[in-house]
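Inspection log for the structure reproduced underneath, given as structure tokens.
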There are 2 protein chains.
Amino acid sequence: MDIMAAARAIFLEKGYEEAVMSEIAARADLVEGSLYRFFDTKHGLLIAVVEACYEEILADYDQQLAGISGVRNRLRFMIWRMLVAMQDNPDLGRLVYRHILPEANYLSTRIYELNREYAAHIDNIVTEGITAGELRAETPMWLVRQLIMGGIDQLTWRHRMGLGDFDAAQTADEMTDFIYRGLAAGGHPDDVAARLEATSRDLSTTATQLASMLGPQNVYTETKKSD
Amino acid sequence: MDIMAAARAIFLEKGYEEAVMSEIAARADLVEGSLYRFFDTKHGLLIAVVEACYEEILADYDQQLAGISGVRNRLRFMIWRMLVAMQDNPDLGRLVYRHILPEANYLSTRIYELNREYAAHIDNIVTEGITAGELRAETPMWLVRQLIMGGIDQLTWRHRMGLGDFDAAQTADEMTDFIYRGLAAGGHPDDVAARLEATSRDLSTTATQLASMLGPQNVYTETKKSD
DNA sequence: GAGCCTTAATGAGCGTAACTCATCAACGAA
DNA sequence: TTCGTTGATGAGTTACGCTCATTAAGGCTC
């Protein structure tokens with residue numbers, strides 16, 4: 001077993017401080033000193049491990065996102081996806097929130113990079129919504145981003161601490177609902193009509209996709225680029 | 001100088017791990033071993049110190065709140081007050097977010113108690129707004145609470161890490177604005193457009209869920225089929 | 001195959017810091 | 001003066017991250 005695999009197993013199982021370097025070395029069939037040929041420090045090893053996990057877990061969410069249409073649905077997917085990741089990996093979450101995010105060198109980490117990408121996706125979705133007239137133009141996007149990410153942190157905190165669980169789908173629903181209401185253009189009839197139109201358009205697209213999956217030959221039908 | 005004062009000075013100045021018990025003892029004109037007559041462990045001492053700080057800083061915010069009327073204004077005050085506290089005490093914030101909140105014994109802490117009181121105030125304000133008909137009755141209060149607290153965490157993170165500052169008043173304004181819009185009662189409940197919109201929105205969400213269930217992670221590529 | 005050189009692994013050891021415990025000083029009572 | 005009790009003391013103990021001189025291994029030249 002190589003160092004990364006051994007370290008991952010022990011970090012996830014015991015947490016950062018309880019994990020001792022000698023045990024990681026032993027599980028990797030090495031001696032303690034040899035670890036320091038590959039990783040400068042215990043914390044450096046942790047960062048490498050968490051980066052690897054993070055990358056696996058959030059692997060292709062952007063490709064999945066590409067298959068989802070509609071501002072609201074896309075927003076919901078982003079929230080739901082992160083909630084599920086947190087729900088499935090509480091151990092990893094603990095490591096991240098306790099020993100990665102609060103460290104000074106977090107900003108030079110790949111994890112920071114990945115979090116920025118996630119945030120950028122949210123920004124893009126909101127921007128799309130604004131240009132489509134579906135969302136208010138004055139929306140401070142940084143605030144939306146921070147509220148979503150901070151909210152996810154809070155909402156998953158109890159589960160991460162081993163106290164109770166949560167329903168990812170339902171939580172995503174309610175959170176999306178609230179955020180969207182804060183984002184949505186005002187209650188003028190025109191705006192409502194625009195949103196109605198956008199929603200039914202999304203519905204049509206999704207239904208088409210659905211139909212293509214359920215169809216006899218299960219053939220993919222090109223639905224986009226129609227204009 | 002007594003132990004608490006010495007510990008507070010050193011914890012705030014150097015952070016948790018850099019603070020060493022022998023130095024705290026020295027500043028309190030004691031010897032290291034004597035600390036353990038009064039506090040079982042280093043972390044126990046930290047908790048005592050942070051509790052004291054917390055209580056001083058958030059001393060009489062509820063009295064100030066009592067002088068503010070209007071759901072929106074009261075909500076803004078709560079947000080603003082916490083933002084200012086975070087802005088004025090970044091060192092304390094670091095201790096709290098890194099070494100108090102993530103610990104297993106946090107729930108048995110006075111700090112947890114104080115946070116609950118803060119959250120309860122937010123709940124009360126929202127409840128008032130609902131009974132006054134100003135806010136939507138279906139509002140999930142737990143969500144609002146979590147979004148606000150998580151958002152404050154995120155928004156103050158950079159400053160806590162020593163990177164840049166923020167304008168507490170303006171941030172509070174924008175945050176309140178967004179949250180309130182999510183909370184505010186829309187048109188009449190029997191407004192046809194609103195009902196229609198809600199229904200088609202739900203339908204769209206359901207269809208998206210359906211699609212992702214049918215094609216596991218393949219909503220977008222159903223182009224090739226392997227026979 | 002013999003000598004040599006570069007590179008990688010070893011494990012004994014160091015430094016530090018939280019925490020403990022046998023000891024001892026201070027002080028009141030006999 | 002002597003004894004008993006209380007509470008501070010500081011010299012350990014332990015644990016763990018990290019280092020470094022030494023040794024083994026694997027390829028390259030003659």
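For clarity, every value in this text was computed on a predicted model and none was experimentally measured. A note on names: the letters A, B, ... follow the listed sequences, proteins ahead of strands, and every chain is numbered from 1. Because only heavy atoms are used, hydrogens play no part in the values below, and waters and symmetry mates are left out as well, while side chains stay in.
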When you compare the protein's N or O atoms with those of nucleotides 17-19 of chain D, which come within less than 3.5 Å of each other, and at what distance?
from, atom 1, to, atom 2, distance (Å)
D/dG17, OP1, A/Ala19, O, 3.3
D/dG17, OP1, A/Lys42, NZ, 2.8
D/dG17, OP2, A/Met21, N, 3.1
D/dC18, OP1, A/Thr41, OG1, 2.9
D/dC18, OP2, A/Tyr36, OH, 3.3
D/dC18, OP2, A/Thr41, OG1, 3.4
D/dC18, OP2, A/Lys42, N, 2.8
D/dC18, N4, A/Glu32, OE1, 3.3
D/dC18, N4, A/Glu32, OE2, 3.3

Applying salt bridge (charged side-chain N to carboxylate O under 4.0 Å, His left out) to A/Glu103 and not counting sequence neighbours gives B/Arg98

Spacing between A/Glu23 atom CD and D/dA15 atom P, to the nearest angstrom
14 Å

Mark yes or no: B/Arg72 above the aromatic ring of B/Tyr180, with NZ or CZ under 6.0 Å from the six-membered ring centre and no more than 45 degrees from the axis.
yes

Going by salt bridge (charged side-chain N to carboxylate O under 4.0 Å, His left out), name the residues that satisfy it together with A/Arg110, two or more places apart in sequence or in a different chain.
A/Glu55

Using the test side-chain contact (heavy atoms from CB on, under 4.5 Å), find all partners of B/Asp91 that sit at least two apart in sequence or belong to another chain.
B/Leu12, B/Arg94

Global bending angle along the helix from C/dG1-D/dC30 to C/dA30-D/dT1, which compares the axes of five pairs at either end, to 10 degrees
30°

Listed by chain and number, what are the side-chain contact (heavy atoms from CB on, under 4.5 Å) partners of A/Met141, not counting sequence neighbours?
A/Asp123, A/Val126, A/Thr127

Any residue in residues 102-111 of chain A with a heavy atom nearer than 4.0 angstrom to DNA chain C? Just list them by number, or reply none.
none

Can you give me the first and the last nucleotide of DNA chain C (5' to 3') that has an atom within less than 4.0 angstrom of a non-hydrogen atom in chain B?
C/dA17 to C/dT20

So ring-ring contact (aromatic ring centres under 6.0 Å, His included) across residues 141-179 of chain B, not counting sequence neighbours, yields A/Tyr106-B/Trp157, B/His159-B/Phe166

Who pairs with B/Arg158 by side-chain hydrogen bond (donor to acceptor under 3.5 Å, both in side chains), at least two apart in sequence or on another chain?
none

What residues, two or more places apart in sequence or in another chain, satisfy side-chain contact (heavy atoms from CB on, under 4.5 Å) together with A/Ala120?
none

Can you name the residues that form a side-chain contact (heavy atoms from CB on, under 4.5 Å) with B/Asp173, not counting sequence neighbours?
B/Arg76

